[in-house]
Amino acid sequence: MADETRITIAIDGPAAAGKGTISKAVAQQLGFAHLDTGLLYRAVGAKTLSGAEAVDAATSLQSEDLEADNLRTPEVAQAASKVAVIAEVRAALVDFQRAFARRLGGAVLDGRDIGTVICPNADVKLFVTASAEVRAERRYLELSGNGLDVSRDEVLADVKARDERDMNRAEAPLKPADDAVLIDTSNLTIEEAVDMALATIKSRRQ
Ligand code: CDP
């Protein structure tokens with residue numbers, strides 16, 4: 001059994017599969033800290049849209065960069081998945097993520113490569129997925145609910161383009177770790193998905 005105070009939970013999966021919602025709820029229930037690693041790539045992507053060079057942006061990333069108010073837009077999501085193929089960008093973000101994963105009190109990290117590359121020894125690994133159409137519909141409702149002027153077609157195209165790029169890149173491609181538990185949220189409510197994640201974590205930790 002791992003040191004109780006340094007439990008790491010890795011939650012990976014494709015765009016808009018529900019990782020963020022599940023991770024936040026799981027972290028809250030367990031009293032663990034949560035890191036949305038996608039935000040790191042989004043912050044780097046956002047900087048490139050303002051003219052920065054990707055590797056410079058990643059190596060000089062500051063915590064206030066994670067608070068920019070455009071990070072959730074589809075434009076920044078695309079820019080994030082473009083910088084995420086660059087090995088030097090990924091390397092610049094590794095130490096911060098690993099340190100976070102080992103923090104006292106337990107940590108939940110969500111992303112694409114947490115169970116495979118960042119924390120291959122994580123105590124529990126989940127791979128959260130859903131059909132592209134379901135994911136795009138959820139993301140459309142989220143973005144339009146936040147007042148963004150987006151169409152369903154545009155959001156579906158964004159999700160599919162990022163999935164394609166994320167799965168086929170040479171560096172840390174999106175794929176389930178061999179020991180990850182798959183959770184398909186296509187036909188689950190948020191509550192059901194969170195309950196399933198919590199039950200899986202409980203059984204894996206025993
Ligand atoms: O919220 P959503 O699932 O749409 O995306 P995100 O988790 O914020 O990630 C944005 C982009 O960052 C992804 O499409 C990936 O290309 C990249 N990313 C990554 O490569 N590795 C991670 N651990 C997290 C995100």
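If you're wondering where the values come from, they're calculated on a predicted model, not measured in any experiment. Residue numbers count from 1 along this sequence. Just follow the structure's listing: the first ligand is 1, and inside any ligand the first atom is 1.
Counting atoms of ligand 1 from 1 in the listed order, those under 4.0 Å from a heavy atom of Gly38 are 6 (P), 7 (O), 8 (O), 9 (O), 24 (C), 25 (C). Against a heavy-atom cut-off of under 4.0 Å, Ala84 is close to the following atoms of ligand 1: 16 (O), 17 (C), 20 (O).
Side chain of Arg169 to main chain of Val85: no donor-acceptor pair is present (N/O by atom type, distance under 3.5 Å, no hydrogens or angles). Put simply, the side chain of Asp12 gets close to the backbone of Gly115: a donor and an acceptor are under 3.5 Å apart. Looking only at distances, a side-chain donor or acceptor of Arg135 sits under 3.5 Å from a matching main-chain atom of Ala15. Under the 3.5 Å distance criterion, the side-chain polar atoms of Asp123 are matched with a main-chain donor or acceptor of Thr8. Listed for the Arg42 side chain is no donor-acceptor partner under 3.5 Å among the backbone atoms of Ala80. A donor-acceptor pair is defined here as one N or O able to donate and one able to accept, closer than 3.5 Å; no such pair exists between the side chain of Lys125 and the backbone of Asp178. Thr185 places a side-chain N or O within 3.5 Å of a backbone atom of Ala17 that can act as its donor or acceptor partner.
Contacts of Ser81 with ligand 1, taken as heavy-atom pairs under 4.0 Å, involve both backbone and side chain. When non-hydrogen atoms are compared, ligand 1 lies under 4.0 Å from the side chain of Arg162 (C-beta onward) but not from its backbone. Counting heavy atoms under 4.0 Å from ligand 1, residue Gln78 does not touch it at all. Contacts of Arg165 with ligand 1, taken as heavy-atom pairs under 4.0 Å, are absent altogether.
Each of Val181, Leu182, Val128 was compared with Pro176 under the side-chain contact (heavy atoms from CB on, under 4.5 Å) criterion, and only Leu182 meets it.
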>> Applying side-chain contact (heavy atoms from CB on, under 4.5 Å) to Asp36 and His34, what does each step give before you reach the verdict?
In response: CA-CA 7 Å; Asp36 168 4; His34 169 228; 4.1 Å; yes
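Remark: ligand 1 and Asp113 share an N or O pair separated by less than 3.5 Å (distance only, no angle test). Residue contacts with ligand 1: Ala15 is placed with no nitrogen or oxygen under 3.5 Å of a nitrogen or oxygen of the ligand (distance criterion only). Where the criterion is an N or O separation shorter than 3.5 Å, residue side chain and backbone included, Tyr41 fails it with respect to ligand 1. Considering backbone and side-chain atoms together, Asp110 places no N or O closer than 3.5 Å to any N or O of ligand 1.
Checking Glu171, Arg72, Arg112, Arg90 against atom 20 (O) of ligand 1, the nearest heavy atom belongs to Arg90. The closest heavy-atom contact to atom 1 (O) of ligand 1, among the options Lys19, Arg139, Arg135, Gln97, comes from Arg139. When Leu71, Val76, Asp166 are ranked by how near their heavy atoms come to atom 16 (O) of ligand 1, first place goes to Asp166.
With respect to atom 8 (O) of ligand 1, the closest heavy atom belonging to the protein is Arg42 NE, 2.5 Å. Closest to atom 24 (C) of ligand 1, if we only count protein heavy atoms, is Thr37 OG1, 3.5 Å.
In this structure, Ala16 counts as a contact residue of ligand 1, since one of its heavy atoms falls inside 4.0 Å of the ligand. Remark: distances from the non-hydrogen atoms of Lys82 to ligand 1 are all 4.0 Å or more.
Of the N and O atoms on the side chains of Asp184 and Ser186, at least one donor lies less than 3.5 Å from an acceptor on the other residue.
For the pair Arg139 and Asp158, the salt-bridge criterion is not met [side-chain N within less than 4.0 Å of a carboxylate O].
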